[in-house]
Amino acid sequence: MDKGYWKLTLALVVDLASFSHHMDDFIRAVKQVEDGDPEAEPVVVLRRLRRAAGLKDAFIQHYLGDANSGGPELEAGLSNYISKAVKHKVTADAREDGVVLTSDGTTVALRPLLLGIETGFLSQSSGRVRGLYQLTLAKDLSLSLRHGSPLPHRLGTDGCWDSLTSPQVFTLSDVPTLLTHSQVNGGMDGVILGMEVAAKTRHPLKLSSLLTEYYCHQLGNNGLDTAPRLISRRRRENFRGLVTPPVLARKVMKSVELERRLKGRSKMEVKEKKQLMAVVREGMKEFVHMYTDCPTIIPRCMWGAEPYRGTPTNLSLPLSFMYIHHTHTPSQPCLTFEQCSADMRSMQRFHQEDRGWDDIGYSFVAGSDGHIYEGRGWHWRGAHTLGHNSIGYGVSFIGDYATHLPSQHSMGLVRDQLASCAVGGGRLIANFTLHGHRQVVNTSCPGDTLYNEIKGWEHFREVKKKSA
């Protein structure tokens with residue numbers, strides 16, 4: 001073989017050695033697959049990725065066929081990286097493999113994402129995409145919802161990375177569930193992008209371009225108010241617009257029936273089928289609450305929180321109040337996961353070091369990057385509204401809003417989604433009262449303009465004056 005071949009191979013090996021489990025690096029790997037066969041259609045590239053990852057069970061092949069028709073084998077180092085990046089599993093020590101960190105701070109399982117996109121490319125109709133829901137979410141949901149454990153233990157474990165600059169290991173932060181946050185994120189993205197490419201309204205020349213547009217979009221000064229529709233930060237709102245719970249429940253049932261047929265088992269009896277459908281419908285309520293009612297909440301470990309100093313005091317739920325703040329300092333909205341995380345760390349340092357508090361004071365903080373950031377969270381008493389910390393949540397917007405408003409999107413996250421999430425989860429009473437910080441403490445917070453805005457929100461109430 002000539003020297004040029006060996007130089008290229010050595011460069012590829014060195015390059016792959018530097019790859020992390022970040023979506024940016026995975027996209028680079030996809031681009032290497034594409035560069036090896038520049039004329040290959042995206043569906044051919046997807047088959048090659050599927051083959052490298054060993055995704056060849058009967059359920060997948062029923063919808064997508066054999067991946068061996070996707071061209072020659074990939075170079076060994078590239079194939080090994082893709083296999084590790086895509087093949088999903090949760091280990092005994094709570095490490096979740098087959099997931100990547102995205103630029104917006106969320107973690108995504110690649111398997112359902114890629115299966116959904118491939119399904120979309122193979123679709124003959126934009127209205128109905130055969131197997132889309134089954135391959136992205138429904139099968140995994142069926143396994144989770146049929147399990148005998150209580151619902152909170154079936155859905156939604158999140159976790160944290162060992163590094164945000166070069167992520168390699170993702171460790172779940174609670175008892176592993178049968179369906180993790182990362183799997184749901186990847187499944188939702190697979191549905192969204194699968195439907196998009198099936199609609200034939202746009203024909204990306206490269207899979208890497210589709211992934212880059214979706215995961216790597218940089219927000220302008222107006223945050224998500226002027227951002228494109230098809231970006232990962234809009235995952236939950238896009239998914240909510242595409243999928244209804246009854247449809248997803250039916251797809252879960254179809255997944256169960258297909259699995260039985262592929263394993264040579266008989267059809268379910270009518271009674272068994274009715275019982276399973278009841279379990280699925282009940283589980284779907286929890287799924288809808290967690291992933292369409294609630295906003296994305298970035299956990300403490302992802303923004304780099306220092307530990308709580310001392311022992312936190314647990315709140316007695318449900319609470320009756322929500323108090324709205326602005327941070328004042330930092331004075332500017334944050335538009336990226338990196339900047340919002342840095343702002344959270346800065347505020348925590350100020351509250352712990354300068355104020356002498358046990359932790360960041362707020363319960364939750366809204367960035368302008370499309371996410372809510374966990375402060376003291378749902379269960380720990382905060383230090384946000386003097387004299388009222390045990391009866392309400394303190395929610396702050398990053399920025400100074402004396403003369404202008406936060407983005408409409410970030411206000412909607414708090415006003416509609418965070419509030420709905422709190423009520424639906426039994427953390428706030430349904431007729432809770434919303435106050436601005438200044439109504440109960442001598443302060444200008446949350447700024448004149450934001451305060452005038454929240455006066456028009458549904459749960460806003462004037463403070464009852466004490467009778468003489």
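Position 1 is the first residue of the sequence; numbering continues from there. Values below: every heavy atom of this structure, side chains too, minus hydrogens, waters and symmetry copies.
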Can you tell me if [X] has over 12 outside heavy atoms packed within less than 6.0 Å of its [atom1]?
| X | atom1 | answer |
| --- | --- | --- |
| R281 | CZ | no |
| Q218 | CD | no |
| N221 | CG | no |

Answer yes or no: is there a side-chain heavy-atom contact under 4.5 Å between [X] and [Y]?
| X | Y | value |
| --- | --- | --- |
| M268 | M277 | no |
| R50 | I60 | yes |
| L335 | D369 | no |

Scan side-chain atoms only and decide if [X] and [Y] contain a donor-acceptor pair under the 3.5 Å cut-off.
| X | Y | value |
| --- | --- | --- |
| D66 | Q61 | no |
| S410 | S407 | yes |
| N185 | T106 | no |

I'd like to know if the side chain of [X] reaches the main chain of [Y], judged simply by a donor and an acceptor atom lying under 3.5 Å from each other, with no hydrogens or angles considered.
| X | Y | answer |
| --- | --- | --- |
| K206 | P38 | yes |
| H326 | Y401 | yes |
| S83 | S79 | no |
| T119 | L115 | yes |
| R300 | G375 | yes |
| E96 | L172 | no |
| R376 | I360 | yes |
| Q339 | T336 | no |
| T327 | G399 | yes |

For H21, the ring pair (Phe, Tyr, Trp, His ring centres under 6.0 Å) test, sequence neighbours excluded, returns none
What is the minimum heavy-atom distance between [X] and [Y], and which atoms define it?
| X | Y | answer |
| --- | --- | --- |
| C340 | I398 | O-CD1, 4.4 Å |
| Y81 | A29 | CE2-CB, 3.6 Å |
| H325 | L450 | O-CD2, 4.1 Å |
| A52 | L74 | CB-CD1, 4.0 Å |
| A85 | L110 | O-CD1, 3.3 Å |
| S173 | T157 | N-CG2, 4.4 Å |

Should the pair D189-R235 be classified as a salt bridge under the 4.0 Å nitrogen-to-oxygen rule? yes
The single option from E34, E213, R28, Q32 passing side-chain hydrogen bond (donor to acceptor under 3.5 Å, both in side chains) against S208: E34
Please determine which of R250, K267, K273 meets the salt bridge (Lys or Arg N to Asp or Glu O under 4.0 Å) test together with E257. K273
Given Y393, which partner from the list W378, Y362, W380 fulfils the ring pair (Phe, Tyr, Trp, His ring centres under 6.0 Å) test? W378
Take D57 and R111 through the salt bridge (Lys or Arg N to Asp or Glu O under 4.0 Å) test and state the conclusion after the steps. CA-CA 13 Å; D57 63 64; R111 180 181 183 273; 3.5 Å; yes
Could you go through Y214 and H217, starting from their C-alpha distance and side-chain angles, then the distance that decides it, and tell me whether this counts as ring-ring contact (aromatic ring centres under 6.0 Å, His included)? CA-CA 7 Å; Y214 187 73; H217 178 79; over 10 Å; no
Do R260 and E272 pass the salt bridge (Lys or Arg N to Asp or Glu O under 4.0 Å) test, and can you show the C-alpha distance, the side-chain angles, and the key distance before you say yes or no? CA-CA 13 Å; R260 291 176 71 102; E272 182 185 5; 3.4 Å; yes
For a quick test of your reading: what N or O donor-acceptor pairs under 3.5 Å do the side chains of residues 288-298 make, sequence neighbours left out?
from	atom 1	to	atom 2	distance (Å)
Y291	OH	H181	ND1	2.8
T292	OG1	V288	O	2.7
T296	OG1	R236	NE	3.3

